[in-house]
Visitor: 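Pasting in a structure now, in structure tokens, and then I'll have a few things to ask.
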Amino acid sequence: MPDLLNIGISGLNATMTQLVTTGNNISNASTPGYSRQEVDLQPSTPQYTGTGFLGSGVEVDAVKRDYSTFLTTQVQQATAESSQSSTYYNQIQQLDNMLGSTTSGLAPALQNFFSGVQTVANDPSDVPSRQALISSAQSMISTFQGMSQQITAMGQGLNNQIAASVTNINSYAQQLAQLNQSIVSAQGADGNNPPNSLLDQRDQVVQQLNQEVQGTVVKQSDGSYNIYIGNGIPLVVGNLAYSLTTMTSPTDPGSAEVGYGPPGKQVVLGTNSITGGNLGGVLQFRNNSLIPAQNALGQIAIGVASTFNAQNSLGQDLNGNIGGNIFTIPAPVVGVNSNNTGTGVVNAAITNAGALTTSDYSLSYNGANYQLTRLSDNSVTTFAAFPQTVDGVTLTLASGVIKPGDTFLISPTENGASGLAMATTDVSKIAAAAPILGSAGFSNTGSATISAGTVNGPPPVNANLQQPVTITFTGAGTFSVTGVGTGNPVGVAYTSGNNISYNGWTVQISGTPAAGDTFTVSPNTNGSADSRNALLLAGLQTQNTLNNGSATYEGAYDQLTSSVGNQTDELQVTSQAQQSMLTQAQASQQSVSGVNLDEEAANLIRFQESYQACGKMVQIADTCFQSLITAAQ
Amino acid sequence: MRISTTTFFNAGLTGILNQQSAMLKTQQQLSSGLAVATPSDNPIAAVQALDTQQNESLNTQYTTNRGTAEDQLGLVDTTLSSVGTLLQSASTIAVAAGNATLSNSDRASYATQLSGQLQQLLGLANTKNGEGQYLFSGYQGNTQPFAQTTAGANYAGDDGQRLIQVSPSQQIAVSESGADIFQKIRSGNGSFTTGASGTNTGQGVINAGSVTNPAALTGDNYQINFTVAGGVTTYDVLDTTKGTTVQSAQPFTSGNAISFDGMQMQISGAPANGDQFTVAPSTNQSVFTTLTNLINALNTPASTPATLASIQNQVTAGIQNLSQSLSNVLAANSAVGARQNQLTSLDTVGTSLDTQYQQQLSNLTSVNYAQAASTLNEQQLSLEAAQKSFAQVDGLSLFNYLTG
């Protein structure tokens, strides 16, 4: 016969456990990561008596937590995604703000520069106007440099963030390894007494890890979690934690990358391997927004400088000399992979600014052919030997030998904005005039006129450009040409208004010449009031000089601004959406694991009453015993 | 669905935070006056605003350029007008000096007047603008264009025409080369010149002549040779370029028309035997040369009737050339006037474009105050509601009702 006292005591124990557990729930209601705990009760093994089975009380089976693996995993994934997009959004907002300013951005600087050119064109020999042009060129350069520095500073900030994220991830990995060990040993052989607080703690650490990078959990049969990041790279296996490192990029000394592997054999984990979390957001921002923005800025700077230099080199400066370069254009950056085994030195030079893109390029050698991959769209150009020109950049092998497996990272426009400088500040070097001038002979009797003349691009000018050339009409429809470099042709057919080109210049003769009329093309000596070349320089502002003839400088800047603006806009929407998804996932998880104080309050009352009832039972058992003792006296 | 206490609080709190951030954004828009503060607010509008700004800035630049052009053209216009007035007065003097009854000293005094006008003309031709650049030297702004010589004047400039960009597609000339204004003037009547040989002994005076049939012009040189025999004067017309005789032994009557090869001229007076008159195609002659020749002719004493006739021939040629010079200058002046008109109409367009761009910019980026203010009110209301409901819900707990 089961003992009433024992039954009462078992009930007291059970309800006390329940009260304690409820008390635990209430005190941990706001603890992050806490899962609500419940007591599993089981009736004690009934005793078999002659009159049937009699229950013998209650026993506590286990204290378990209310927990759903599915919902928790959902929250972890949502955390990783939401963290990535909000980090990306926060970063890109800085870029957005910098580009959009209408008062201090690049657009006003470009406009002021070309205003200066127009002022020189209005009065080419006026020295103060020329000085003002040099000043506005310098101010345009500072604007370019300032914006480029801001972008570089953002990049530095990213390097620091990467380091911080990697440190956090490594610390979480360590914690998880230790927790795995503790949980496995605390769980015991039968796994029936789950160490609830340790389990909660471990889930919480996984959640924090997902804030930094997406980590996938694979539960093992012994209760430990294996964590993998990216495409199956192990971070935690059982009680072993692997670590990530912050390393300098092999091809770019200014960038930090995430490294993995034993010392000496570190591999760079790129954006394909690191997704989700702050780290994923930072890497995506750098690759998809920051580097393209820096390159785009550089492309515009190089575009302005090289087209201006080219046109200046077709004109005549205030000293009567053929014009030279006004700007110094920085060379492309070639990053040699520090793991290269060969000795090859690759040089890159910009030969056609109008064909430049905003992408970086990766050069590799597979033993037979070289491959140049444009990183923006992964299109590949294969070639067998140097030199090779792709997208306005000419690559040459300066020295050494490239071995198979060697790679180079070529950034043609990366330093375009930061490295732009004045080649000269001498105001007389601005070539406002044209070097040649067409004139009609004084004693001509016909009615034909000759245009002032233009110089054919691209520079350098023809060596015989300023040789005096005479065009003599032998009849109303034919002429002969005399002058060094023309080949002295005779009997050339004349059509009014057509281009006539020799020695690198072009003129048009229109009207009706008479036999014996002469026209000369001669050097433009003392032509200080000539503004032909200055007008052409000013005209560069509205010409489609970039992107293979499809955009002006302002147009290219517009593209950059709108691309960043659109990305920012999208990210705002995406991060809001993902935030809502995270909130929902959390709400679902909380509906299973969260503590509801009202519910616990009701439980408290219930268990209290049970306890009181069990206590009463013990009192009655005692009374029965007392009666028995008294009866026996 | 079971709601945990944490979810309860978080939901209420998130609502309040979101409302606050939306209100802040609206507040910023109202205080800055910009609906598009960063490109992400409205990427398309932001780019259009940048474009509009560039167009506006270019428009302002062209307006400045037009101002400069107007100043330059104004000066050219004034100078050319003065030149025209001068040439007209010179013509009047030349016509008066052609009177056959004048004495040598009368002619000499006319020559002096013309001398003075020659100097004035040189001065006008060497005018400088406000920046110290010569107006009529082509591209050689620092070089003085005209220097007087014994034959007329030497032109040291070139043929360049200075241009200014006055609109996106137009460049306007703001100067004329001295060669075009003063040097390249067609002599004679524009097609041919007439003259008398210096060795003539008779008193024939030839006029400038005119073109009767442009299609018949040959551009050749001709000679009209006079033969006086037995009181009968005849003349031959020889084409010296081709070496042919065009007319021979034509009877001569003073003042009658002599016509050949599309040209017509008159010789008045009495040519002597062996006198020659020339007809040559027009060439370019400088107005300074014309004036110098006139002055030299008028300074020559008319000692014989032949000399007088020779002087009169030169004066006739001079008057004709002066008339050509005047037409040239007037044509140039009216071209300048036309350009000034063009600038005025471009200015009108520029002003209205400027207004348009300002309007566009405002439409794209400015905040609609009425709308923003009412949105702010709405958001304020929502925020108050969120805060109130949070406070109300916050107090609800079962523990409040448990006694004992």
Side-chain angles (χ1 to χ4, degrees), chain A residues 29-30 93 96-97 99-100 102 107 111 114-115 118-119 121-123 125-126 433 437-440 442-445 452 514 524-532 535 538-539 541-542 554 557-558 561-562 564-566 568-569 572 583 586-587 590-598 601-602 605, chain B residues 1-8 10-11 14 36-44 46-47 49-51 53-54 57-58 60-62 64-65 68-69 131 133-134 137-143 158-165 168 171 175 179 183-184 219 281-284 365 397-399 402:
Chain A
S30 314
Q93 270 187 312
D96 187 42
N97 286 341
L99 289 175
T102 50
Q111 282 157 15
F114 281 103
S115 254
Q118 297 250 17
T119 310
N122 288 347
D123 193 354
S125 60
D126 183 40
L437 178 58
S439 18
F442 180 72
S443 39
N444 283 0
T445 52
N524 186 14
T525 7
N526 291 331
S528 54
D530 180 14
S531 62
R532 279 177 287 165
L535 287 170
Q541 185 184 13
T542 46
E554 299 271 359
Y557 186 65
D558 284 350
T561 310
S562 94
V564 170
N566 274 320
T568 311
D569 201 23
Q572 187 190 27
T583 313
Q586 281 172 334
Q590 284 286 297
S591 78
V592 168
S593 312
V595 172
N596 184 321
L597 287 174
D598 289 346
I605 296 173
Chain B
M1 185 173 103
R2 218 178 130 263
I3 310 273
S4 78
T5 310
T6 320
T7 310
F8 221 46
N10 280 345
T14 314
V36 183
T38 63
S40 62
D41 291 337
N42 186 346
I44 295 179
V47 169
L50 279 177
D51 271 346
Q53 241 203 332
Q54 183 189 10
S57 149
L58 275 174
T60 311
Q61 183 62 46
Y62 292 135
T64 310
N65 290 358
T68 312
E131 275 92 41
Q133 301 268 298
Y134 289 99
S137 57
Y139 286 145
Q140 300 187 28
N142 293 326
T143 312
D158 58 34
D159 290 350
Q161 244 189 342
R162 300 171 209 169
L163 300 172
I164 287 187
Q165 191 88 34
Q171 290 172 347
S175 75
Q183 302 286 83
K184 293 188 182 168
S282 289
T283 53
N284 286 333
T365 57
S397 170
L398 191 52
F399 281 103
L402 294 177

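A, B, ... follow the sequence lines: proteins, then strands. Residue 1 opens every chain.
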Visitor: Highest number of heavy-atom pairs under 4.5 Å with chain B: which of A:Ser593, A:Ala538, A:Ser531, A:Ser115?
Guide: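 The answer is A:Ser115.
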Visitor: Any luck finding a side-chain donor-acceptor pair between B:Ser40 and A:Gln572 under 3.5 Å?
Guide: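 Side chains of B:Ser40 and A:Gln572: no pair found under 3.5 Å.
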Visitor: Could you tell me whether the side chain of B:Thr7 reaches within less than 4.5 Å of the side chain of A:Gln586, counting heavy atoms only?
Guide: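 The answer is no, as the side chains (C-beta and beyond) never meet within the 4.5 Å cut-off.
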Visitor: Checking heavy atoms, do the side chain of A:Ala601, its backbone, both or neither come under 4.5 Å from chain B?
Guide: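 When you check distances to chain B, atoms from both the backbone and side chain of A:Ala601 fall under 4.5 Å.
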Visitor: Would you sort out whether A:Leu597 and B:Leu398 count as a side chain to side chain contact (heavy atoms under 4.5 Å, CB included), showing the intermediate values?
Guide: CA-CA 8 Å; A:Leu597 287 174; B:Leu398 191 52; over 6 Å; no
Visitor: Who are the side-chain contact (heavy atoms from CB on, under 4.5 Å) partners of B:Asp41, not counting sequence neighbours?
Guide: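 B:Asp41: side-chain contact (heavy atoms from CB on, under 4.5 Å) contacts with B:Lys25, B:Val36, B:Ala37, B:Thr38.
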Visitor: Given that the side chain runs from C-beta out, which part of A:Thr583 has a heavy atom under 4.5 Å from chain B: side chain, backbone, both or neither?
Guide: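 A:Thr583 has no heavy atom closer than 4.5 Å to chain B.
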Visitor: Under 4.5 Å, counting heavy-atom pairs only, tell me which of A:Asn526, A:Val592, A:Asn97, A:Thr525 racks up the most with chain B.
Guide: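 Top count of heavy-atom pairs under 4.5 Å with chain B: A:Asn526.
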Visitor: Report yes if some heavy atom in the side chain of B:Leu163 is under 4.5 Å from a heavy atom in the side chain of A:Leu535; otherwise report no.
Guide: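 Contact flag for B:Leu163/A:Leu535 side chains = yes.
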Visitor: For chain A, find which of B:Phe8, B:Phe399, B:Tyr62 contributes the most heavy-atom pairs closer than 4.5 angstrom.
Guide: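 Answer, by heavy-atom pair count under 4.5 Å with chain A: B:Phe399.
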Visitor: Kindly give the heavy-atom pair with the smallest separation between A:Gly438 and B:Asp159, and that separation in Å.
Guide: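 Scanning both residues completely, I find the closest heavy atoms to be O-CB, 4.4 Å.
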Visitor: Which atom names give the shortest non-hydrogen contact between B:Asn65 and A:Gln118, and what distance separates them?
Guide: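 B:Asn65 and A:Gln118 have their closest heavy atoms at ND2-OE1, 2.8 Å.
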Visitor: Report the C-alpha separation of B:Thr68 and A:Asp123 in whole Å, then their side-chain angles, then the decisive distance to 0.1 Å, and conclude whether the side chain to side chain contact (heavy atoms under 4.5 Å, CB included) test is met.
Guide: CA-CA 9 Å; B:Thr68 312; A:Asp123 193 354; 5.9 Å; no
Visitor: Measure across A:Thr542 and B:Leu58 and return the closest heavy-atom pair with its distance rounded to 0.1 Å.
Guide: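 Result for this residue pair: CG2-CD1, 3.7 Å.
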Visitor: So, B:Thr5 side chain and A:Val595 main chain: donor-acceptor pair closer than 3.5 Å or not?
Guide: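 Yes, B:Thr5 side chain to A:Val595 backbone: donor-acceptor pair under 3.5 Å.
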Visitor: Quick one, B:Thr6 with A:Gln590, criterion side chain to side chain contact (heavy atoms under 4.5 Å, CB included). Give me CA distance, side-chain angles, the key distance, then yes/no.
Guide: CA-CA 8 Å; B:Thr6 320; A:Gln590 284 286 297; 3.6 Å; yes
Visitor: Report the option among A:Asp530, A:Asp569, A:Thr568, A:Asp558 that has the most heavy-atom pairs separated by less than 4.5 Å from atoms of chain B.
Guide: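 Counting heavy-atom pairs under 4.5 Å, the top option is A:Asp530.
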Visitor: Heavy-atom cut-off 4.5 Å, strictly under: side chain, backbone, both or neither for B:Gln161 against chain A?
Guide: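 The answer is neither part of B:Gln161.
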Visitor: What residue in A:Asp126, A:Asn524, A:Thr119 has the most heavy-atom pairs under 4.5 Å with chain B?
Guide: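 It is A:Asn524.
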Visitor: Can you tell which part of A:Gln541 gets under 4.5 Å to a heavy atom of chain B, answering side chain, backbone, both or neither?
Guide: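 For A:Gln541, the contact with chain B is made by backbone and side chain together.
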Visitor: Contact part of B:Gln165 toward chain A, heavy-atom cut-off under 4.5 Å: side chain, backbone, both or neither?
Guide: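 Backbone plus side chain of B:Gln165, per the 4.5 Å heavy-atom cut-off to chain A.
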Visitor: Surrounding CD1 of A:Ile605 (heavy atoms of other residues, nucleotides or ligands, distance under 6.0 Å), is the total greater than 12?
Guide: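 Buried by this count: over 12 neighbours within 6.0 Å.
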Visitor: Looking at every non-hydrogen atom in both residues, tell me the closest pair between A:Ala529 and B:Arg162 and how far apart they are.
Guide: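 Reported closest heavy-atom pair: CB-NE, 3.4 Å.
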Visitor: Taking atom types as modelled, is there a side-chain donor on A:Asn596 or B:Ser4 under 3.5 Å from an acceptor on the other?
Guide: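 Looking only at side-chain atoms, B:Ser4 and A:Asn596 do not form any donor-acceptor pair under 3.5 Å.
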Visitor: Can you confirm whether B:Ser397 sits close enough to A:Asp598 that some side-chain heavy atom of one is under 4.5 Å from a side-chain heavy atom of the other?
Guide: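 Of all side-chain heavy-atom pairs linking A:Asp598 with B:Ser397, at least one is under 4.5 Å.
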Visitor: Which pair of heavy atoms, one from B:Ser282 and one from A:Thr445, lies closest together, and at what distance?
Guide: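 Smallest heavy-atom distance, with atoms named: O-CG2, 3.7 Å.
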Visitor: Using 0.5 Å steps for rounding, measure from the CD1 atom of B:Ile44 to the OG atom of A:Ser562.
Guide: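 Nearest 0.5 Å value for the CD1-OG distance: 8.5 Å.
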Visitor: Any idea which heavy atoms bring B:Gly141 and A:Ser528 closest together, and the distance?
Guide: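 Scanning both residues, the minimum pair turns out to be N-OG, 3.6 Å.
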Visitor: NZ/B:Lys184 to OG/A:Ser443 distance, rounded to the nearest 0.5 angstrom?
Guide: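 Reported to 0.5 Å precision, the distance equals 9.5 Å.
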Visitor: Indicate yes or no: at least one non-hydrogen side-chain atom of A:Phe114 is less than 4.5 angstrom from one of B:Gln61.
Guide: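 Of all side-chain heavy-atom pairs linking B:Gln61 with A:Phe114, none is under 4.5 Å.
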Visitor: What part of A:Ser125 is in contact with chain B, defined as an atom under 4.5 angstrom from a non-hydrogen atom: side chain, backbone, both or neither?
Guide: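 Contact with chain B: side chain only.
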Visitor: Give, as side chain, backbone, both or neither, the part of A:Ala440 having an atom under 4.5 angstrom from any heavy atom of chain B.
Guide: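 Backbone plus side chain of A:Ala440, per the 4.5 Å heavy-atom cut-off to chain B.
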Visitor: Using heavy-atom distances under 4.5 Å, tell me whether B:Tyr134 contacts chain A through its side chain, its backbone, both, or neither.
Guide: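 Neither the backbone nor the side chain of B:Tyr134 comes within 4.5 Å of chain A.
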Visitor: Please state whether the side chain, the backbone, both or neither of A:Ala121 comes within less than 4.5 Å of a heavy atom of chain B.
Guide: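 Interface part for A:Ala121: backbone (N, CA, C, O).
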Visitor: Checking B:Glu131 against chain A: side chain, backbone, both or neither under 4.5 Å from a heavy atom?
Guide: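 The answer is the side chain of B:Glu131.
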Visitor: So what's closer than 4.5 Å to chain A heavy atoms on B:Gln54: side chain, backbone, both or neither?
Guide: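 Both backbone and side chain of B:Gln54 come within 4.5 Å of chain A.
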